[in-house]
Amino acid sequence: MCTTMKSVLIVDDDRVILNLLAEGLRNLDYVVATAICGEDAQHLAVTQTFDLAMLDVRMPGMSGLELARLFRAQGGPPFVFLSAFGDEAVVHEAAAAGALGYLVKPVDIRQIVPLIESASARAREIQQLRDAAIHLEKALSSEQKTRTAVGVLMLDKGLDREAAFELLRSQARSQRRRIGELSEELIAAAEAGNRSRRKA
């Protein structure tokens, strides 16, 4: 039984395998949605949120690999592959597409549950790293804007760097605004002034 309820999307054109896996996971308290083709799975991924998708590699129409690439490009769920094909080239393709796991069919629930749990944990770790990278990027951007705004104040008010920063900080405090936000406004105003002077 899963420790926390997880939502899983299973995509396989073999209805027997699809139903067996879905029923087995539901019995272990997973929330399961199924699709027999890539197109149906893509629609489900747009309208619902899944913790993990389990994809068959080879299906009529859109293949599992194509679907995986769409998920990755469009911010779909993390995914693993279940396939009857275990040759090295397919496994490498799956890894290149961003798969968090790969099992060769036939498989049973005892094999799938550890795969789901480990892949879900890995997906959370990856998301945390991405969130941290976004946060760092925003922080660096804000710092750059602050330095630029300090430079604007130095030129405009004839201040040294420390005094210009203190002026910026005191203005932000008095207006109850973030320094980055005020910096962006000062830079925009300076750029607008420069454009006006060029036109004059």
Engineer: Leu65 vs Phe81, test: side-chain contact (heavy atoms from CB on, under 4.5 Å). Steps then yes/no.
Structural biologist: CA-CA 9 Å; Leu65 288 165; Phe81 282 104; 3.7 Å; yes
Engineer: Looking only at side chains, do Glu88 and His92 share a donor and an acceptor under 3.5 Å apart?
Structural biologist: yes
Engineer: With a 4.5 Å cut-off on side-chain heavy atoms, are Leu52 and Pro77 touching?
Structural biologist: no
Engineer: Quick one: does any side-chain atom of Asn19 pair with a main-chain N or O of Arg15 as donor and acceptor, under 3.5 Å?
Structural biologist: yes
Engineer: Is any side-chain heavy atom of Leu103 closer than 4.5 Å to one of Met54?
Structural biologist: no
Engineer: Which distance, rounded to the nearest 0.5 Å, do you find between the CG of Leu182 and the CZ of Arg176?
Structural biologist: 15.0 Å
Engineer: Determine whether Tyr102 and Val57 make a side-chain contact, defined as any pair of heavy atoms from C-beta on separated by less than 4.5 Å.
Structural biologist: yes
Engineer: Test side-chain contact (heavy atoms from CB on, under 4.5 Å) on Val31 and Lys6; report intermediate values, then the result.
Structural biologist: CA-CA 6 Å; Val31 177; Lys6 291 184 176 64; over 6 Å; no
Engineer: Looking at every heavy atom in both Ala41 and Leu9, which two are closest together, and how far apart are they?
Structural biologist: O-CD2, 4.0 Å
Engineer: Please round to the nearest 0.5 Å and tell me the distance separating atom CE of Met59 and atom CE of Met62.
Structural biologist: 8.5 Å
Engineer: Could you tell me whether Glu184 atom CD has more than 12 heavy atoms of other residues or ligands within 6.0 Å of it?
Structural biologist: no
Engineer: Which value, rounded to the nearest 0.5 Å, describes the distance between Ile187 atom CD1 and Arg147 atom CZ?
Structural biologist: 10.5 Å
Engineer: Which value, rounded to the nearest 0.5 Å, describes the distance between Thr148 atom OG1 and Leu186 atom CG?
Structural biologist: 11.0 Å
Engineer: So which heavy atom on Ala172 is nearest to which on Ile179, and how close?
Structural biologist: CB-CG1, 3.8 Å
Engineer: Output the distance between atom CG (Asp51) and atom OH (Tyr30), rounded to the nearest 0.5 Å.
Structural biologist: 10.0 Å
Engineer: Decide, yes or no, whether a salt bridge links Arg177 with Glu185 under the criterion of side-chain N to carboxylate O below 4.0 Å.
Structural biologist: yes
Engineer: Could you pull out the closest heavy-atom pair between Leu153 and Ala164, with the gap in Å?
Structural biologist: CD1-O, 3.6 Å
Engineer: I need the Leu28 CG to Glu23 CD distance, nearest 0.5 Å.
Structural biologist: 10.5 Å
Engineer: Show the nearest heavy-atom pair for residues Ala35 and Leu44, with the distance to one decimal.
Structural biologist: CB-CD1, 4.1 Å
Engineer: So that I can tick it off, tell me whether Glu93 and Arg69 are bridged by a salt bridge, with the cut-off set at under 4.0 angstrom between side-chain N and carboxylate O.
Structural biologist: yes
Engineer: Please determine whether salt bridge (Lys or Arg N to Asp or Glu O under 4.0 Å) holds for the pair Asp12 and Lys105, giving the CA-CA distance in whole Å, both sets of side-chain angles, and the decisive distance to 0.1 Å.
Structural biologist: CA-CA 12 Å; Asp12 199 312; Lys105 295 187 282 191; 2.7 Å; yes
Engineer: Do the side chains of Asp13 and Arg58 get close enough for a salt bridge, i.e. N-O under 4.0 angstrom?
Structural biologist: no
Engineer: On a heavy-atom basis, which atom in Gln48 and which in Ala33 lie closest, and how many Å separate them?
Structural biologist: OE1-CB, 4.5 Å
Engineer: Tell me whether Val8 is reachable from Ile36 by hopping between hydrophobic residues (I, L, V, M, F, W, Y) whose side-chain heavy atoms are closer than 4.5 Å.
Structural biologist: yes
Engineer: Are the side chains of Phe71 and Leu55 in contact, using a 4.5 Å heavy-atom criterion?
Structural biologist: yes
Engineer: Is the count of non-hydrogen atoms from other residues, nucleotides or ligands lying under 6.0 Å from Arg26 atom CZ greater than 12?
Structural biologist: yes
Engineer: Are side-chain heavy atoms of Ile109 and Leu21 found at a separation under 4.5 Å?
Structural biologist: yes
Engineer: Where do Thr34 and Val11 land on the side-chain contact (heavy atoms from CB on, under 4.5 Å) test, with the steps shown first?
Structural biologist: CA-CA 6 Å; Thr34 61; Val11 190; over 6 Å; no
Engineer: State, yes or no, whether a side-chain contact exists between Phe165 and Leu159 at a heavy-atom distance under 4.5 Å.
Structural biologist: no
Engineer: Given the rule that I, L, V, M, F, W and Y join up when any side-chain heavy atoms are under 4.5 Å apart, are Val152 and Met154 in one cluster?
Structural biologist: no
Engineer: Grab the two heavy atoms, one from Ser63 and one from Glu66, that are nearest each other, plus how far apart they are.
Structural biologist: N-OE1, 2.7 Å
Engineer: I'd like to know whether Leu82 forms a side-chain contact (heavy atoms from CB on, under 4.5 Å) with Ile17, so could you lay out the CA-CA distance, the side-chain angles of the two residues, the decisive distance to 0.1 Å, and finally the verdict.
Structural biologist: CA-CA 11 Å; Leu82 301 178; Ile17 292 175; over 6 Å; no
